Amino acid sequence: MAEMLTMLFSNVYVAAISVFVLLLVALAAWLVVAERYLVNYGVCKVDINAGEKLLEVDGGQTLLNALIDNQVYIPSACGGKGSCGYCKVTVLGGGGPILPTETTYVTPREARIGVRLACQVKIREDITIRVPEDLLNVKMFRAQVESSKVLTYDIKEIRLALIEPDTIDQRPGQYIQIQAPSPEGPVFRAYSISSPSQDKHVAEMNVRLVPGGIGSTYLHNLQEGDEVFFTGPYGEFRLNEEPDTEIICVGGGCGMAPMKNIILTIYDRWPDRSVWLFFGCRSTPDIFYLDEFRELARKHPNFHVVYALSDPLKEGEKWDGDTGFIHLAVDKHLEPNVKRQAFLCGPPLMIEAVTRVLIDKGIPEKDVFYDKF
Ligand SMILES: Cc1cc2nc3c(=O)[nH]c(=O)nc-3n(C[C@H](O)[C@H](O)[C@H](O)COP(=O)(O)OP(=O)(O)OC[C@H]3O[C@@H](n4cnc5c(N)ncnc54)[C@H](O)[C@@H]3O)c2cc1C
Ligand code: FES
């Protein structure tokens, strides 16, 4: 009898919880629909950088979308999903309280001065914001695929010839955002520029295919002559201009792109500058650009190229270079306490391991820059 009562009680308990959860979900869905179709916020003003740009936009949309619609292209590497933290702006008035979806990327200190993720801020009233001056110069480019070349089984080199505007002023280490079609409308994805800054009429990328990925699939399927739109350039990295500062580039996978840009830009301007390229691959099929870099090293004796394979060699696989994870190669080859600046690009674990090694070698943390992807 007691057992039956316990079972009955737990069934009633589970049913009550389920009904409660269903009610909450229904309420949340109703609020979303009501906000979208019933609430009219009218036209709201967006004041950017103390009146430098004044917009009138329809309320109810995200700040990110309102800015893009008005040709203010702030970085949005995840396409507005709230998962990259790149779309930070400072909201000085309006914008409501910070949302839980923002606190992963906005530190409490930033939040106190009004830093917000533009893709999470809904415009419901007039809003005053501040954005870095550089971003007001970011443009939308129309370009044409000049070539699409297979580099490995999953990476392609895609070169875009610029049409309008027909030149780009980019610094090595910067990236662009490609506009890719999707069933929900156009989305933007970030890709580092691999062509050097002196090549002003092209934007080249190394794109790794993510299975089922919207942006990378779109780019891998492009054919010569296809039209492409992108915004840019973005990115804070500034190459140290003192020729006696050694430059350390460490990359893995499609993290090669900014390295290629940095290296080719440097050897156009400073033929004798000391540069190290460390590139981590799993196995020989992942290797690309090695012959080109070895050729460059023959012309510039202060250029050092180290590729390392992390997987054990398979039977018949030939490799006479370094083996093991790339941070071990960095540790093995670099002398400590040399004046250096480092740029790292690749998966987060690689970046963390390499950063620790570089700091141990005496590079101040402020001189270690990275893009995690
Ligand atoms: C500053 C910056 C620079 C970048 N530069 C480059 C570059 O030079 N070359 C390059 O190839 N990429 C680069 N990326 C990554 C690129 O922006 C896209 O995130 C990537 O191409 C996947 O986009 P997608 O639209 O194909 O996939 P999505 O449609 O966004 O994702 C599809 C699915 O794949 C998953 N996914 C997303 N990304 C990855 C990933 N990297 N590995 C495994 N699964 C994933 C998602 O979680 C999702 O489930 C860069 C990113 C940033 C932030
Ligand atoms: S666009 Fe990625 S977090 Fe806002």
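Both ligands and their constituent atoms are indexed starting at 1 by order of listing. Here the structure is a predicted model, which means the values were calculated and not measured.
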(message) Only heavy atoms of Cys254, strictly under 4.0 Å: list the atoms of ligand 1 that pass.
(response) 8 (O), 9 (N), 10 (C), 11 (O), 12 (N)
(request) Would you confirm whether the ring centroid of Phe229 sits within less than 6.0 angstrom of the ring centroid of Phe141? (result) no
(message) To check your reading of the model: name the closest protein heavy atom to atom 45 (C) of ligand 1, its residue, and the distance in Å.
(response) Val210 CG1, 3.6 Å
(request) Just jot down the side chain to side chain donor-acceptor pair (under 3.5 Å) partners of Thr217, sequence neighbours excluded, or say none. (result) none
(request) Under 4.0 Å, heavy atoms only, figure out whether ligand 1 is touched by the backbone of Ala77, its side chain, both or neither. (result) side chain
(message) For a quick check under 3.5 Å, do Thr231 and Tyr234 share a side-chain donor-acceptor pair by atom type?
(response) yes
(message) I want to confirm something. Looking only at heavy atoms, which of Ala180, Gly173, Ala190, Pro211 is nearest to atom 16 (C) of ligand 1?
(response) Ala190
(request) Indicate yes or no: does Glu52 engage Arg130 in a salt bridge with an N to O separation below 4.0 Å. (result) no
(message) For ligand 1, which is the ligand I care about here, please tell me if Thr217 has any N or O atom under 3.5 Å from one of the ligand's N or O atoms.
(response) no
(request) Answer yes or no: is there an ion pair linking Lys339 with Glu242, defined by an N-O contact shorter than 4.0 Å? (result) yes
(request) Return yes when at least one protein heavy atom is under 4.0 Å from atom 47 (O) of ligand 1, and no when none is. (result) no
(request) Could you see which bit of Tyr191 sits under 4.0 Å from ligand 1, with heavy atoms only: side chain, backbone, both or neither? (result) both
(message) If I take atom CZ from residue Phe237 and atom OH from residue Tyr175, how far apart are they, to the nearest 0.5 angstrom?
(response) 14.5 Å
(request) Less than 2.8 Å from atom 2 (Fe) of ligand 2 is the window; count the protein N, O or S atoms in it. (result) 2
(message) What's the separation between atom CH2 in Trp276 and atom CZ in Arg340, rounded to the nearest 0.5 Å?
(response) 8.0 Å
(message) Check whether Tyr153 reaches the backbone of Pro285 with its side chain - one donor and one acceptor, N or O, closer than 3.5 Å.
(response) no
(request) Examine Phe279 together with Phe288 and report whether their ring centres are nearer than 6.0 Å. (result) yes
